[in-house]
Amino acid sequence: MQDSDLSARAKIREAALGLFGTSGFGVPLRTVAQAAGVSPGLVIHHFGSKDGLRAAVDESVLAVFLERFDALPKDLPADQLSRAMANVFSDVLGPNADIRQYLRRCLLDETPAGTTIFDEMVEATRRGLELLERAGGIRADSDPEWRPFQVLSIVLGPLLMEPVMQRHIGEPAYAPEVVRRRTSANLDVLSRGLFVSSAEKRG
């Protein structure tokens with residue numbers, strides 16, 4: 001492709017990311033083309049169909065996460081590795097409202113296409129946890145099947161609740177300082193738990 005073709009493809013994909021997230025996947029291709037400043041025919045030329053365009057947006061969003069996970073250093077101590085994993089999510093989600101809105105739409109979309117992106121995030125999280133386990137950072141008695149879902153529930157919960165959570169925290173839910181505090185709190189819950197056992201009370 002020529003550089004201009006690549007630029008047009010990227011602009012179409014970014015326009016679709018924003019529109020699909022805010023307005024749903026029923027947005028006409030003509031609307032996407034208008035937002036990207038191109039003709040509807042160029043959208044078809046690059047992506048073939050709306051399904052092809054959505055697949056390209058999914059791939060682009062996933063690539064942001066997967067590249068960061070794949071780049072995690074393999075020789076970090078367990079505590080630094082767990083922080084690095086947490087930072088992957090906070091660094092990707094924090095500054096990009098379009099990605100957050102798109103993921104929120106995908107997670108609530110009960111179609112095969114809507115679940116694909118979640119499935120990929122589960123597998124990426126599972127690989128990260130296996131790396132952390134090899135570094136000695138996971139309890140031996142934890143449930144390996146449930147672990148990735150526990151982590152994703154903590155990470156993606158605020159994303160799903162962002163529109164309503166906003167009223168309770170008094171500042172933007174993904175403002176840098178809020179993300180920093182929430183990431184630290186999440187790591188604390190994952191590493192130390194929240195509830196006090198009877199044995200600890202007696203101690």
Side-chain angles (χ1 to χ4, degrees), residues 10-27 31-32 34-37 53-54 56-72 79-111 113-122 124-125 128-129 132 147-195:
K11 283 198 290 188
I12 294 166
R13 193 182 61 232
E14 290 303 305
L17 171 68
L19 286 169
F20 287 164
T22 55
S23 302
F25 300 109
V27 172
T31 302
V32 175
Q34 184 176 16
L53 176 57
R54 179 173 179 179
V57 175
D58 283 354
E59 182 180 353
S60 176
V61 170
L62 278 170
V64 178
F65 285 100
L66 298 182
E67 288 170 6
R68 290 290 304 274
F69 271 110
D70 290 342
L72 287 172
D79 58 338
Q80 294 181 34
L81 182 57
S82 61
R83 167 65 67 171
M85 287 180 59
N87 286 342
V88 170
F89 289 104
S90 61
D91 291 349
V92 171
L93 296 176
N96 198 316
D98 282 345
I99 286 182
R100 294 199 305 274
Q101 183 64 53
Y102 185 80
L103 284 174
R104 188 153 50 237
R105 181 79 62 176
C106 286
L107 293 171
L108 297 175
D109 182 20
E110 298 179 2
T111 66
T115 60
T116 296
I117 200 164
F118 178 71
D119 293 346
E120 293 288 346
M121 292 181 74
V122 170
T125 304
L129 289 171
L132 186 57
R147 286 190 303 229
F149 300 106
Q150 290 173 312
V151 170
L152 286 174
S153 294
I154 289 175
V155 171
L156 297 179
L159 180 143
L160 291 172
M161 295 187 293
E162 181 181 1
V164 291
M165 187 173 67
Q166 191 65 61
R167 296 181 293 107
H168 296 272
I169 61 176
E171 50 189 317
Y174 280 86
E177 176 60 20
V178 175
V179 171
R180 186 194 66 75
R181 285 167 39 212
R182 186 163 62 242
T183 299
S184 294
N186 288 347
L187 285 169
D188 184 65
V189 166
L190 288 169
S191 62
R192 298 197 301 163
L194 182 65
F195 302 130

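We number each residue from 1, following the sequence as shown. Since the model is a prediction, treat every value here as computed from it, not as a measurement.
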Visitor: Could you give the distance from CG (L152) to CG (L107), rounded to the nearest 0.5 Å?
Guide: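 Nearest 0.5 Å value for the CG-CG distance: 9.0 Å.
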
Visitor: Using 0.5 Å steps for rounding, measure from the CG atom of L103 to the CG atom of D109.
Guide: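 Result: 12.5 Å between the selected atoms.
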
Visitor: At what distance, to the nearest 0.5 angstrom, does CG of L17 lie from CZ of R54?
Guide: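 Atom-to-atom, L17:CG and R54:CZ are 12.0 Å apart.
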
Visitor: Please list, chain by chain and in numerical order, all residues satisfying salt bridge (charged side-chain N to carboxylate O under 4.0 Å, His left out) with D98, sequence neighbours excluded.
Guide: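 D98 satisfies salt bridge (charged side-chain N to carboxylate O under 4.0 Å, His left out) with no residue once adjacent residues are dropped.
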
Visitor: So which atom in L19 and which in T31 form the shortest heavy-atom distance, rounded to 0.1 Å?
Guide: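 Taking every non-hydrogen atom into account, CD1-O, 3.8 Å.
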
Visitor: For a 4.5 angstrom cut-off between non-hydrogen side-chain atoms, does M85 reach V151?
Guide: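 Side chain of M85 against side chain of V151, heavy atoms only: no contact under 4.5 Å found.
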
Visitor: Who are the side chain to side chain donor-acceptor pair (under 3.5 Å) partners of R105, not counting sequence neighbours?
Guide: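 Expected list: none.
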
Visitor: Give the C-alpha distance, both sets of side-chain angles, the deciding distance and a yes or no for side chain to side chain contact (heavy atoms under 4.5 Å, CB included) between F20 and L53.
Guide: CA-CA 10 Å; F20 287 164; L53 176 57; 4.1 Å; yes

Visitor: Quick one: CZ on F89 to CE on M121, what's the gap to the nearest 0.5 Å?
Guide: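 Going from CZ on F89 over to CE on M121, the span is 5.0 Å.
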
Visitor: Going by heavy atoms in the side chains, are T125 and F149 under 4.5 Å from each other?
Guide: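 SC-SC contact between T125 and F149 ruled out.
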
Visitor: Side chain to side chain donor-acceptor pair (under 3.5 Å) with D188: which residues, sequence neighbours excluded?
Guide: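 D188 satisfies side chain to side chain donor-acceptor pair (under 3.5 Å) with R192 only.
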
Visitor: Which pair of heavy atoms, one from P172 and one from V178, lies closest together, and at what distance?
Guide: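 It is O-CG2, 3.4 Å.
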
Visitor: Check side-chain contact (heavy atoms from CB on, under 4.5 Å) between T183 and all other residues, then give those that pass, not counting sequence neighbours.
Guide: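 For T183, the residues satisfying side-chain contact (heavy atoms from CB on, under 4.5 Å) (neighbours in sequence not counted) are R83, A86, N87, S90, V179, L187.
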
Visitor: Check K11 with E14, please: is the shortest side-chain N to carboxylate O separation under 4.0 Å?
Guide: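 Salt bridge: no.
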
Visitor: Measuring from atom CD of Q150 to atom CG of L129, what distance do you get when rounded to the nearest 0.5 angstrom?
Guide: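 Spacing of CD (Q150) from CG (L129) equals 9.5 Å.
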
Visitor: Could you go through residues 156-171 and list every donor-acceptor pair under 3.5 Å that involves a side-chain atom there, pairing it with any protein atom two or more places apart or in another chain?
Guide:
{"residue": "E162", "atom": "OE1", "partner": "R100", "partner atom": "NE", "Å": "3.1"}
{"residue": "E162", "atom": "OE1", "partner": "R104", "partner atom": "NH1", "Å": "3.1"}
{"residue": "E162", "atom": "OE2", "partner": "R100", "partner atom": "NE", "Å": "3.4"}
{"residue": "E162", "atom": "OE2", "partner": "R100", "partner atom": "NH2", "Å": "3.2"}
{"residue": "Q166", "atom": "OE1", "partner": "A173", "partner atom": "N", "Å": "3.0"}
{"residue": "Q166", "atom": "NE2", "partner": "E171", "partner atom": "O", "Å": "2.4"}
{"residue": "E171", "atom": "OE2", "partner": "R181", "partner atom": "NH1", "Å": "3.3"}

Visitor: Return a table of donor-acceptor pairs under 3.5 angstrom between the side chains of residues 56-69 and protein atoms on other chains or two or more places apart.
Guide:
{"residue": "D58", "atom": "OD1", "partner": "Y102", "partner atom": "OH", "Å": "2.5"}
{"residue": "S60", "atom": "OG", "partner": "R13", "partner atom": "NE", "Å": "3.3"}
{"residue": "R68", "atom": "NH2", "partner": "D91", "partner atom": "OD2", "Å": "3.2"}

Visitor: For atom CD of Q34, decide whether the heavy atoms of other residues, nucleotides or ligands shown that lie under 6.0 angstrom number more than 12.
Guide: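 Incorrect, the count does not exceed 12.
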
Visitor: Write down the atom of C106, the atom of I117, and the distance for their closest heavy-atom approach.
Guide: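 Reported closest heavy-atom pair: CB-CG2, 3.7 Å.
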
